[in-house]
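Written out below as structure tokens is the structure these notes cover.
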Protein chains: 2
Amino acid sequence: MHHDLTGTTPQMSRDKPESPRVTMDDLAKAAGVSKMTVSRALSGHPLVKTSTRERVLHLAEQHGFRLNIAARNLRQRSTRTIGVVIEMTPSHDRSMSEPYPLSLLGGIMQELTSHAYNMVLTTLPLFVASPPAVDGLILLGQGVHEDAVDMVQRTGLPYVIWGSVDGNEDHITIGSDNVAGGRIAADHLLGQGRRALAFIGDDKHLEIADRLRGFAARIDEAGATLVGQASSRFTREGGYDAARTLLAGGAVFDGVFASSDAIAMGVITCLRDAGHTVPDDVAVIGFDDAPGAALFTPSVSSIRQDWDRGGKLLAQKILALTKGAKPLSESMPVEIKARES
Amino acid sequence: MHHDLTGTTPQMSRDKPESPRVTMDDLAKAAGVSKMTVSRALSGHPLVKTSTRERVLHLAEQHGFRLNIAARNLRQRSTRTIGVVIEMTPSHDRSMSEPYPLSLLGGIMQELTSHAYNMVLTTLPLFVASPPAVDGLILLGQGVHEDAVDMVQRTGLPYVIWGSVDGNEDHITIGSDNVAGGRIAADHLLGQGRRALAFIGDDKHLEIADRLRGFAARIDEAGATLVGQASSRFTREGGYDAARTLLAGGAVFDGVFASSDAIAMGVITCLRDAGHTVPDDVAVIGFDDAPGAALFTPSVSSIRQDWDRGGKLLAQKILALTKGAKPLSESMPVEIKARES
DNA sequence: TTGAAAGCGCTAACAA
DNA sequence: TTGTTAGCGCTTTCAA
């Protein structure tokens, strides 16, 4: 008995088979077996007779069968997909200045991939307006608006956050030890004999606030002074403006901790424009060890985060969560990259 | 009549509601309406009486209902999700040297987001081993292996490619006009009086081959000479090694076209190490206008691609395809960023 | 303005 | 080794 599979699809042009939409039922009829056997054969189930499997596989190939993933997702109650919610579209040609760069996504991807999970990238507004089918979420950044966390929380999906790791175990957070990063930055400047220090960065971000906290604490311990502080966007322009504001306010400092490398470059440029030399008059240290930090003149000292590992941890924790485990928050050490600035 | 929704879910701890799994059926019973009315109310269907809608919405909120996207995807035969297949995991701290940087993904995301589509990132092996539910695919890079295209083609899904745009309309391709880029690079060097030129890059990549083609053609027209050529990975180290190979082979040149900025930096470093000055002895031009190009010393001249627009075009075309339209391939102009090198 | 029936395409569970 | 039954949770279609 012969079944004309193509005949079941009414609207198709002959040159370009519009949508063959061959289902397992079709294959089953063609092979003279049940739908179930087809399913087993295609998924490599060991109990299928080899000859049967081969016949089914051949027919599937021949008819261009492709599994309907959406159907399987529904039936299995699992999508093998994790959503990554980013705060901003990762655009602009200044990937350098992005707080959550490719490396973090890279780490996440590697780990998800090795567990045969997919990753869907989304923004918070899109996630709310048109949610993708996922088993769990990774939230990149609590940002200034902690309502991002709220929004995600109310979806009822398991989630983990990249950000500031406090003791609060309401949610699972992975992040660099920003407080330690701040202390290390202070140590670096103090070690060069700097005593009047300034901080530049937006401490409405929890992570930045942590850096400032560690920085200020260490300065205090050492008996030096935090003489100034200015908020800044994560860009060179932001750093430039912030430094100018500080100088205009009459602040006198010989060391600056900028909360990103892009900001640090802006600060350095501004200092020079104002007639100061870097690092002789003022030493500057940034954060992130961005690709450009080593290329800038002078090369920019920085605090390096292990983004790759961070991404992997995020992925591991969310996968554990979806499997019912109870992973813990984790904070990762940072390290200094001392350079000319 | 009262329905205890939570009672339908046997295994749940009281402190942390494990999986409420409230369905529309549950809401329907609780609201004393049909499943269908619940569906309509939740999706904002205009024919639902306001009071009914409000009651349903309230109950949904109260019971923490969340739509099962997988079920909807199956029923609607659409996932509102586009897959982006990248060739490599976007890792390493040298995002600078990545051929397909964040900006391209950024452009894609912006466009997809504004059409309420999601984007799932995947690699070719993962896509084959564990395909996500998508309506279409964007392939980033034909790469060296054109079998990537084959693999994708046989899934039967609509797809578009970022890469070298030839006349071939077998598949829809978006890409920069790499041939023109090569010509512009040649012009730039020739304009500085350089006559003995070299090319560094892996012309097994179709896009790189295009750049070389344009470069060589223009040189030829001008009566100058392409005196050497070496393959290279897309990294600084690759560029360094390639330049050394070229020098070791006895090639004498006063201008180099490197197929990426990272390569160009490696080349410059190598030339210096060999006692040549840049740009006096040898002028160098790169490709991509990577973030680091302007920061390097000397700053690196480069050919800029409009990745943001490229991403948007890719997204537009794939969306058009999934809607049954027949969009065309498109090649985008590039522009020169002349700097010190 | 609402509802009943049907089924999207697949696989878990059980039976043979 | 294979098949049968019964849905997964939603929306389309048609009827009221």
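Note on naming: letters A, B, ... go to the chains in the order of the sequence lines (proteins, then strands), and numbering restarts at 1 for each one.
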Think [X] has a side-chain N or O under 4.0 angstrom from the OP1 or OP2 of [N]?
{"X": "A:Gln76", "N": "C:dA12", "value": "yes"}
{"X": "A:Thr37", "N": "D:dT2", "value": "no"}
{"X": "A:Arg21", "N": "C:dC8", "value": "no"}
{"X": "B:Ser39", "N": "D:dC10", "value": "no"}
{"X": "A:Arg40", "N": "D:dG3", "value": "no"}
{"X": "B:Arg72", "N": "D:dT11", "value": "yes"}

- [ ] May I ask you to test the B:Met119-B:Ile82 pair for a side-chain heavy-atom distance under 4.5 Å?
- [x] no
Open item on the list: Just so I know, are the side chains of B:Met151 and B:Val85 near enough to count as touching, which here means a heavy-atom distance under 4.5 Å?
Closed with: no
Task: Whichever of B:Val48 and A:Asn68 has its nearest DNA chain C nucleotide further upstream toward 5' - done: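 Checking each residue's closest nucleotide, the 5'-ward one belongs to B:Val48.
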Task: Nearest-nucleotide comparison on DNA chain C, the residue closer to the 5′ end among B:Leu74 and B:Lys49 - done: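 Checking each residue's closest nucleotide, the 5'-ward one belongs to B:Lys49.
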Over how many whole Å does the gap from [X] atom [atom1] to [N] atom [atom2] extend?
{"X": "A:Lys35", "N": "C:dG9", "atom1": "NZ", "atom2": "C1'", "value": "7 Å"}
{"X": "A:Arg80", "N": "C:dT11", "atom1": "CZ", "atom2": "C1'", "value": "15 Å"}
{"X": "B:Leu47", "N": "C:dG3", "atom1": "CG", "atom2": "C1'", "value": "13 Å"}
{"X": "A:Met24", "N": "D:dG7", "atom1": "CE", "atom2": "P", "value": "20 Å"}
{"X": "B:Arg55", "N": "C:dT1", "atom1": "CZ", "atom2": "P", "value": "14 Å"}
{"X": "A:His45", "N": "D:dT1", "atom1": "NE2", "atom2": "P", "value": "10 Å"}
{"X": "B:Asp25", "N": "D:dC10", "atom1": "CG", "atom2": "P", "value": "8 Å"}
{"X": "B:Lys29", "N": "C:dG3", "atom1": "NZ", "atom2": "C1'", "value": "15 Å"}

Open item on the list: By the 4.0 Å heavy-atom rule, please label A:Leu67 as base, sugar-phosphate, or nothing.
Closed with: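 Sugar-phosphate only.
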TODO: Just call it for B:Thr52: base, sugar-phosphate, or nothing, with non-hydrogen atoms closer than 4.0 Å on any strand.
DONE: sugar-phosphate
TODO: From the options B:Thr79, B:Thr322, B:Thr81, B:Asn73, select the one residue that forms a side chain to side chain donor-acceptor pair (under 3.5 Å) with B:Asp135.
DONE: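 That would be B:Thr79; it is the only one of B:Thr79, B:Thr322, B:Thr81, B:Asn73 passing the side chain to side chain donor-acceptor pair (under 3.5 Å) with B:Asp135.
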Task: Residue A:Lys323 excluded, over 12 heavy atoms near NZ under 6.0 Å - done: yes
Open item on the list: For A:Asp150, is there an ion pair with A:Arg154 - N to carboxylate O distance below 4.0 angstrom?
Closed with: no
Open item on the list: Taking the nucleotide of DNA chain D with the nearest heavy atom to each, does A:Arg53 or A:Arg75 sit closer to the 5' end?
Closed with: A:Arg53
Open item on the list: Of the options C:dA12, C:dC10, D:dT13, whose atoms approach the side-chain atoms of B:Met36 most closely?
Closed with: D:dT13
